[in-house]
A.B. asks: 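Sharing a structure below in C-alpha coordinates format, with a few things to ask.
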Amino acid sequence: AGYAHRGTSTAVHVRKQRSGASALLRRIELPDETRQLLVHVRDYTKGHPRIEANNHPIRHGAVVGVHNGVILNDDELFARHGWKRAESEMTVDSEAIFALVGAFESRAALEQLRGSMATAWLDERRPELFLARGVGRPLWVARGRDETFFASTRGALDLVERYLGVELTVREVPEGSLVTVPGDGELRWTPWEPDTRFEERPLPAVRAPHEGESCLRLLPALVAAAL
(Lines give C-alpha, C1' and ligand atoms only; values in the text may rest on other atoms or scores of the structure.)
Protein backbone atom coordinates (compact mmCIF):
# COMPACT_ATOMS: atom_id res chain seq x y z
CA ALA A 1 0.00 0.00 0.00
CA GLY A 2 1.21 3.54 -0.57
CA TYR A 3 0.44 7.14 -1.42
CA ALA A 4 1.88 10.08 -3.32
CA HIS A 5 1.14 13.75 -2.78
CA ARG A 6 2.13 17.25 -3.77
CA GLY A 7 1.31 20.76 -2.72
CA THR A 8 1.79 24.11 -4.39
CA SER A 9 4.94 22.99 -6.23
CA THR A 10 4.98 20.25 -8.87
CA ALA A 11 7.33 17.98 -6.88
CA VAL A 12 5.68 14.65 -5.98
CA HIS A 13 6.48 12.87 -2.70
CA VAL A 14 5.96 9.10 -2.45
CA ARG A 15 5.57 6.86 0.57
CA LYS A 16 4.82 3.15 0.42
CA GLN A 17 5.20 0.15 2.67
CA ARG A 18 4.95 -3.62 2.34
CA SER A 19 1.78 -4.03 4.38
CA GLY A 20 -1.97 -4.14 4.08
CA ALA A 21 -4.06 -1.00 3.78
CA SER A 22 -5.10 -0.93 7.43
CA ALA A 23 -1.46 -0.66 8.57
CA LEU A 24 -0.88 2.27 6.23
CA LEU A 25 -4.14 4.01 7.09
CA ARG A 26 -2.96 4.79 10.61
CA ARG A 27 0.27 6.32 9.30
CA ILE A 28 -0.81 8.62 6.48
CA GLU A 29 0.52 12.09 7.17
CA LEU A 30 0.04 14.97 4.76
CA PRO A 31 1.36 18.53 4.86
CA ASP A 32 -1.28 21.23 5.19
CA GLU A 33 -0.44 22.52 1.71
CA THR A 34 -1.30 19.18 0.03
CA ARG A 35 -3.42 19.75 -3.07
CA GLN A 36 -3.29 16.39 -4.89
CA LEU A 37 -3.15 12.86 -3.51
CA LEU A 38 -2.97 9.33 -4.95
CA VAL A 39 -3.64 6.36 -2.64
CA HIS A 40 -3.27 2.75 -3.77
CA VAL A 41 -3.63 -0.77 -2.38
CA ARG A 42 -2.05 -3.46 -4.52
CA ASP A 43 -3.07 -7.09 -4.93
CA TYR A 44 -0.19 -7.92 -7.22
CA THR A 45 -0.20 -9.78 -10.53
CA LYS A 46 3.22 -9.17 -12.12
CA GLY A 47 6.14 -7.83 -10.07
CA HIS A 48 6.55 -9.35 -6.63
CA PRO A 49 5.91 -6.93 -3.72
CA ARG A 50 9.10 -8.00 -1.95
CA ILE A 51 10.79 -5.61 -4.40
CA GLU A 52 9.70 -2.22 -3.13
CA ALA A 53 9.98 -0.55 -6.55
CA ASN A 54 7.22 -2.84 -7.88
CA ASN A 55 4.71 -1.44 -5.41
CA HIS A 56 2.49 1.56 -6.08
CA PRO A 57 2.68 4.49 -6.48
CA ILE A 58 5.28 3.87 -9.18
CA ARG A 59 7.76 6.48 -10.34
CA HIS A 60 9.26 6.54 -13.81
CA GLY A 61 11.18 9.75 -14.39
CA ALA A 62 8.93 12.74 -13.73
CA VAL A 63 5.74 10.65 -13.63
CA VAL A 64 4.27 9.02 -10.51
CA GLY A 65 1.16 6.90 -10.88
CA VAL A 66 -1.12 4.09 -9.76
CA HIS A 67 -2.81 1.41 -11.84
CA ASN A 68 -5.57 -1.16 -11.52
CA GLY A 69 -5.33 -3.88 -14.15
CA VAL A 70 -2.77 -5.91 -16.09
CA ILE A 71 -0.60 -4.57 -18.94
CA LEU A 72 0.34 -7.47 -21.20
CA ASN A 73 2.91 -5.82 -23.49
CA ASP A 74 5.08 -3.92 -20.99
CA ASP A 75 8.31 -5.79 -21.76
CA GLU A 76 7.68 -5.38 -25.48
CA LEU A 77 7.22 -1.61 -25.07
CA PHE A 78 10.42 -1.19 -23.07
CA ALA A 79 12.33 -3.13 -25.74
CA ARG A 80 10.71 -1.26 -28.64
CA HIS A 81 11.55 2.17 -27.25
CA GLY A 82 14.96 1.22 -25.86
CA TRP A 83 14.01 2.24 -22.32
CA LYS A 84 15.41 0.92 -19.08
CA ARG A 85 13.36 0.24 -15.98
CA ALA A 86 13.48 3.00 -13.37
CA GLU A 87 15.16 0.52 -11.02
CA SER A 88 17.07 -2.55 -12.16
CA GLU A 89 15.01 -5.09 -10.19
CA MET A 90 11.61 -3.77 -11.31
CA THR A 91 9.35 -6.10 -13.29
CA VAL A 92 5.93 -4.57 -12.59
CA ASP A 93 3.81 -4.18 -15.74
CA SER A 94 2.29 -0.86 -14.65
CA GLU A 95 5.58 0.99 -15.16
CA ALA A 96 5.01 0.91 -18.92
CA ILE A 97 2.04 3.28 -18.54
CA PHE A 98 4.07 5.94 -16.79
CA ALA A 99 7.08 5.56 -19.07
CA LEU A 100 4.80 6.11 -22.07
CA VAL A 101 2.87 9.12 -20.74
CA GLY A 102 6.19 10.66 -19.69
CA ALA A 103 7.57 10.34 -23.23
CA PHE A 104 4.55 10.95 -25.47
CA GLU A 105 1.38 12.99 -25.66
CA SER A 106 -1.05 11.15 -23.42
CA ARG A 107 -3.49 9.87 -26.04
CA ALA A 108 -0.69 8.53 -28.26
CA ALA A 109 0.89 6.91 -25.20
CA LEU A 110 -2.24 5.16 -23.99
CA GLU A 111 -3.06 3.69 -27.39
CA GLN A 112 0.21 1.74 -27.37
CA LEU A 113 -0.88 -0.31 -24.35
CA ARG A 114 -2.52 -3.73 -24.48
CA GLY A 115 -4.35 -5.05 -21.44
CA SER A 116 -6.80 -3.93 -18.77
CA MET A 117 -6.43 -0.55 -17.11
CA ALA A 118 -7.77 2.16 -14.88
CA THR A 119 -4.97 4.52 -13.91
CA ALA A 120 -4.06 7.90 -12.45
CA TRP A 121 -0.82 9.85 -12.48
CA LEU A 122 0.94 13.08 -11.60
CA ASP A 123 3.67 14.58 -13.80
CA GLU A 124 6.24 16.82 -12.14
CA ARG A 125 6.43 18.88 -15.35
CA ARG A 126 2.71 19.71 -15.24
CA PRO A 127 0.27 20.84 -12.52
CA GLU A 128 -2.72 18.65 -13.45
CA LEU A 129 -3.83 15.23 -12.23
CA PHE A 130 -4.57 12.72 -14.99
CA LEU A 131 -7.05 9.82 -14.95
CA ALA A 132 -7.51 7.24 -17.71
CA ARG A 133 -9.71 4.23 -18.22
CA GLY A 134 -9.04 1.63 -20.88
CA VAL A 135 -10.97 -1.63 -20.72
CA GLY A 136 -11.56 -4.28 -18.09
CA ARG A 137 -11.37 -2.15 -14.93
CA PRO A 138 -13.81 0.40 -13.45
CA LEU A 139 -13.10 4.04 -12.68
CA TRP A 140 -15.34 6.63 -11.03
CA VAL A 141 -14.88 10.38 -10.64
CA ALA A 142 -16.79 12.74 -8.33
CA ARG A 143 -16.97 16.52 -8.12
CA GLY A 144 -17.81 18.54 -5.04
CA ARG A 145 -18.01 22.29 -4.66
CA ASP A 146 -14.24 22.75 -4.40
CA GLU A 147 -12.81 19.24 -4.75
CA THR A 148 -12.51 16.23 -7.06
CA PHE A 149 -12.21 12.58 -6.00
CA PHE A 150 -11.68 9.39 -7.97
CA ALA A 151 -11.86 5.71 -7.07
CA SER A 152 -12.11 2.21 -8.50
CA THR A 153 -15.56 1.74 -6.97
CA ARG A 154 -18.65 3.87 -6.40
CA GLY A 155 -18.72 2.59 -2.82
CA ALA A 156 -15.43 4.29 -2.02
CA LEU A 157 -16.89 7.63 -3.09
CA ASP A 158 -19.96 6.99 -0.92
CA LEU A 159 -17.54 6.71 2.03
CA VAL A 160 -16.01 10.08 1.09
CA GLU A 161 -19.45 11.69 1.23
CA ARG A 162 -20.28 10.04 4.55
CA TYR A 163 -17.09 10.80 6.43
CA LEU A 164 -16.20 14.20 4.96
CA GLY A 165 -19.74 15.53 4.88
CA VAL A 166 -19.52 16.69 1.26
CA GLU A 167 -22.09 16.41 -1.52
CA LEU A 168 -20.65 14.89 -4.68
CA THR A 169 -21.78 14.54 -8.26
CA VAL A 170 -20.56 11.06 -9.20
CA ARG A 171 -19.95 9.76 -12.72
CA GLU A 172 -18.51 6.52 -14.06
CA VAL A 173 -15.65 7.20 -16.45
CA PRO A 174 -16.43 5.55 -19.83
CA GLU A 175 -13.96 3.10 -21.33
CA GLY A 176 -11.50 4.87 -23.61
CA SER A 177 -11.46 8.14 -21.65
CA LEU A 178 -8.66 10.42 -20.50
CA VAL A 179 -9.69 12.92 -17.80
CA THR A 180 -7.51 15.92 -17.05
CA VAL A 181 -8.12 17.38 -13.59
CA PRO A 182 -6.81 20.96 -13.32
CA GLY A 183 -6.16 22.72 -10.05
CA ASP A 184 -9.37 24.64 -10.61
CA GLY A 185 -11.97 24.75 -13.33
CA GLU A 186 -13.82 22.03 -15.24
CA LEU A 187 -12.54 18.56 -15.98
CA ARG A 188 -11.34 17.99 -19.53
CA TRP A 189 -12.46 14.74 -21.20
CA THR A 190 -10.54 13.29 -24.15
CA PRO A 191 -11.53 10.06 -25.94
CA TRP A 192 -8.96 7.50 -27.03
CA GLU A 193 -9.04 4.02 -28.58
CA PRO A 194 -8.02 1.17 -26.23
CA ASP A 195 -6.54 -1.94 -27.79
CA THR A 196 -9.11 -4.68 -27.19
CA ARG A 197 -7.15 -7.44 -28.94
CA PHE A 198 -6.33 -9.40 -25.82
CA GLU A 199 -7.82 -12.03 -23.60
CA GLU A 200 -8.08 -11.12 -19.92
CA ARG A 201 -6.26 -13.47 -17.58
CA PRO A 202 -8.19 -14.79 -14.57
CA LEU A 203 -7.38 -12.76 -11.48
CA PRO A 204 -5.80 -14.57 -8.54
CA ALA A 205 -7.75 -14.92 -5.32
CA VAL A 206 -7.61 -11.84 -3.11
CA ARG A 207 -4.70 -12.44 -0.75
CA ALA A 208 -5.99 -10.35 2.16
CA PRO A 209 -9.80 -10.55 2.03
CA HIS A 210 -10.32 -9.01 5.49
CA GLU A 211 -8.34 -5.82 4.89
CA GLY A 212 -11.38 -3.93 3.62
CA GLU A 213 -13.35 -4.68 6.77
CA SER A 214 -10.38 -3.68 8.92
CA CYS A 215 -10.15 -0.31 7.19
CA LEU A 216 -13.88 0.33 7.56
CA ARG A 217 -13.62 -0.30 11.29
CA LEU A 218 -10.72 2.15 11.53
CA LEU A 219 -12.28 5.00 9.58
CA PRO A 220 -14.73 6.35 12.21
CA ALA A 221 -12.00 6.61 14.85
CA LEU A 222 -9.55 8.26 12.45
CA VAL A 223 -12.12 10.81 11.28
CA ALA A 224 -13.13 11.61 14.87
CA ALA A 225 -9.48 12.14 15.81
CA ALA A 226 -8.94 14.43 12.80
CA LEU A 227 -11.93 16.57 13.72
Side-chain angles (χ1 to χ4, degrees), residues 1-6 12-31 34-59 63-71 90-95 97-98 116-122 129-133 136-142 144 147-166 168 170 172-173 181 202-227:
Y3 60 97
H5 60 92
R6 69 178 172 189
V12 179
H13 306 278
V14 178
R15 178 177 175 180
K16 47 190 173 182
Q17 61 187 48
R18 292 190 293 272
S19 74
S22 56
L24 181 71
L25 198 57
R26 297 178 183 273
R27 302 178 63 183
I28 292 179
E29 296 181 1
L30 298 172
T34 299
R35 295 294 179 268
Q36 295 167 321
L37 172 68
L38 308 175
V39 182
H40 189 272
V41 180
R42 182 179 185 227
D43 200 8
Y44 74 93
T45 49
K46 181 185 178 187
H48 201 280
R50 282 197 301 265
I51 298 171
E52 186 73 357
N54 285 332
N55 296 327
H56 298 226
I58 292 168
R59 177 184 287 277
V63 179
V64 176
V66 297
H67 166 227
N68 177 15
V70 181
I71 301 302
M90 288 178 77
T91 56
V92 64
D93 54 305
S94 308
E95 187 189 6
I97 303 169
F98 312 122
S116 54
M117 183 186 74
T119 185
W121 70 90
L122 299 169
L129 164 70
F130 299 92
L131 311 173
R133 184 183 178 193
R137 293 294 186 275
L139 182 62
W140 294 78
V141 64
E147 55 280 310
T148 302
F149 299 93
F150 72 94
S152 292
T153 66
R154 170 65 189 260
L157 298 173
D158 292 341
L159 291 174
V160 170
E161 287 189 301
R162 181 189 309 171
Y163 287 111
L164 295 187
V166 294
L168 299 176
V170 181
E172 186 174 14
V173 177
V181 184
L203 292 175
V206 175
R207 295 173 178 86
H210 304 300
E211 276 293 301
E213 294 177 6
S214 298
C215 289
L216 290 174
R217 287 195 297 268
L218 276 173
L219 274 175
L222 293 172
V223 172
L227 297 177

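Keep in mind that the numbers below use all heavy atoms, side chains included, and drop hydrogens, waters and symmetry copies. On a predicted model such as this, the values are computed, not experimentally measured, just so you know.
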A.B. asks: Test side-chain contact (heavy atoms from CB on, under 4.5 Å) on His5 and Leu122 and set out the steps.
C.D. replies: CA-CA 9 Å; His5 60 92; Leu122 299 169; over 6 Å; no

A.B. asks: Please check: side-chain N/O of Lys16 versus main-chain N/O of Pro57, any donor-acceptor pairing under 3.5 Å?
C.D. replies: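 Here the side-chain-to-backbone pair exists.
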
A.B. asks: Atom CZ of Arg35 and atom CD of Glu147: how far apart are they, to the nearest 0.5 Å?
C.D. replies: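 The CZ atom of Arg35 sits 12.5 Å away from the CD atom of Glu147.
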
A.B. asks: Looking only at heavy atoms, what is the nearest atom pair of Leu129 and Gln36, with distance?
C.D. replies: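 Looking at all heavy atoms of both residues, the closest pair is N-NE2, 3.5 Å.
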
A.B. asks: Can you name the closest pair of heavy atoms from Gly69 and Arg137 and give their distance?
C.D. replies: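 Smallest heavy-atom distance, with atoms named: CA-NE, 3.5 Å.
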
A.B. asks: Test of understanding: with salt bridge (charged side-chain N to carboxylate O under 4.0 Å, His left out), list the residues that count as partners of Arg59, not counting sequence neighbours.
C.D. replies: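 So Arg59 forms a salt bridge (charged side-chain N to carboxylate O under 4.0 Å, His left out) with Glu124.
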
A.B. asks: Side chains of residues 154-166: which donor-acceptor partners sit under 3.5 Å, not counting sequence neighbours?
C.D. replies:
residue	atom	partner	partner atom	Å
Arg154	NE	Asp158	OD1	3.2
Glu161	OE2	Leu168	N	3.0

A.B. asks: List in chain and number order the residues that pass side chain to side chain contact (heavy atoms under 4.5 Å, CB included) with Val39, two or more places apart in sequence or in another chain; answer none if no residue qualifies.
C.D. replies: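 Once residues adjacent in sequence are excluded, the partners of Val39 under the side chain to side chain contact (heavy atoms under 4.5 Å, CB included) criterion are Tyr3, Leu37.
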
A.B. asks: State the CD1-CD1 distance between Ile71 and Ile97, to the nearest 0.5 angstrom.
C.D. replies: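 Result: 4.0 Å between the selected atoms.
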
A.B. asks: Taking only residues two or more places apart in sequence, or in another chain, which ones meet His56 in a ring pair (Phe, Tyr, Trp, His ring centres under 6.0 Å)?
C.D. replies: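 Scan of His56 (ring pair (Phe, Tyr, Trp, His ring centres under 6.0 Å), adjacent residues dropped) gives His40.
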
A.B. asks: On a heavy-atom basis, which atom in Ala120 and which in Phe98 lie closest, and how many Å separate them?
C.D. replies: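 Taking Ala120 first and Phe98 second, the nearest heavy atoms are O-CE2, 4.0 Å.
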
A.B. asks: Is the side chain of Thr119 donor-acceptor paired with the backbone N or O of Val66 at a distance under 3.5 Å, no angle test?
C.D. replies: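 Pair found, side chain donor or acceptor close to backbone of Val66.
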
A.B. asks: Please table the atom pairs, donor to acceptor, closer than 3.5 Å between any side-chain atom in residues 208-219 and protein atoms at least two apart or in another chain.
C.D. replies:
residue	atom	partner	partner atom	Å
Glu211	OE1	Ala21	N	2.8
Glu211	OE1	Ser22	N	2.8
Glu211	OE1	Ser22	OG	3.0
Glu211	OE2	Ser22	OG	3.2
Ser214	OG	His210	O	3.1
Ser214	OG	Arg217	NH2	3.4

A.B. asks: Residues in side chain to side chain contact (heavy atoms under 4.5 Å, CB included) with Gln17, at least two apart?
C.D. replies: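 Counting only residues at least two positions away or on another chain, Gln17 forms a side chain to side chain contact (heavy atoms under 4.5 Å, CB included) with Arg15, Ser19, Ala23, Leu24, Arg27.
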
A.B. asks: Which atoms form the tightest heavy-atom contact between Ser152 and Asn68, and what is the distance?
C.D. replies: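 Smallest interatomic distance, heavy atoms only, reads OG-ND2, 3.7 Å.
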
A.B. asks: Can you list everything that forms a ring pair (Phe, Tyr, Trp, His ring centres under 6.0 Å) with Phe149? Sequence neighbours excluded, please.
C.D. replies: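 Residues passing ring pair (Phe, Tyr, Trp, His ring centres under 6.0 Å) with Phe149: none at all.
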
A.B. asks: Is there a side-chain contact between Arg6 and Val64, using heavy atoms and a 4.5 Å cut-off?
C.D. replies: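 Not touching, per the 4.5 Å side-chain cut-off.
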
A.B. asks: For His67 and Ser94, work out which heavy atoms get closest and say how close.
C.D. replies: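 Shortest heavy-atom contact: ND1-OG, 2.7 Å.
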
A.B. asks: At their closest point, which heavy atom of Ala4 faces which heavy atom of Val14, and how far apart are they?
C.D. replies: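 Looking at all heavy atoms of both residues, the closest pair is CB-CG2, 4.0 Å.
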
A.B. asks: If the condition is salt bridge (charged side-chain N to carboxylate O under 4.0 Å, His left out), which residues does Glu52 pass it with, not counting sequence neighbours?
C.D. replies: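 Arg18.
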
A.B. asks: Any side chain to side chain donor-acceptor pair (under 3.5 Å) involving residues 218-227? Give me the pairs, sequence neighbours left out, ordered by first then second residue.
C.D. replies: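 Sorted pair list comes back empty.
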
A.B. asks: Could you check Phe150 against Leu38 for side-chain contact (heavy atoms from CB on, under 4.5 Å), going step by step and ending with a plain yes or no?
C.D. replies: CA-CA 9 Å; Phe150 72 94; Leu38 308 175; 3.8 Å; yes

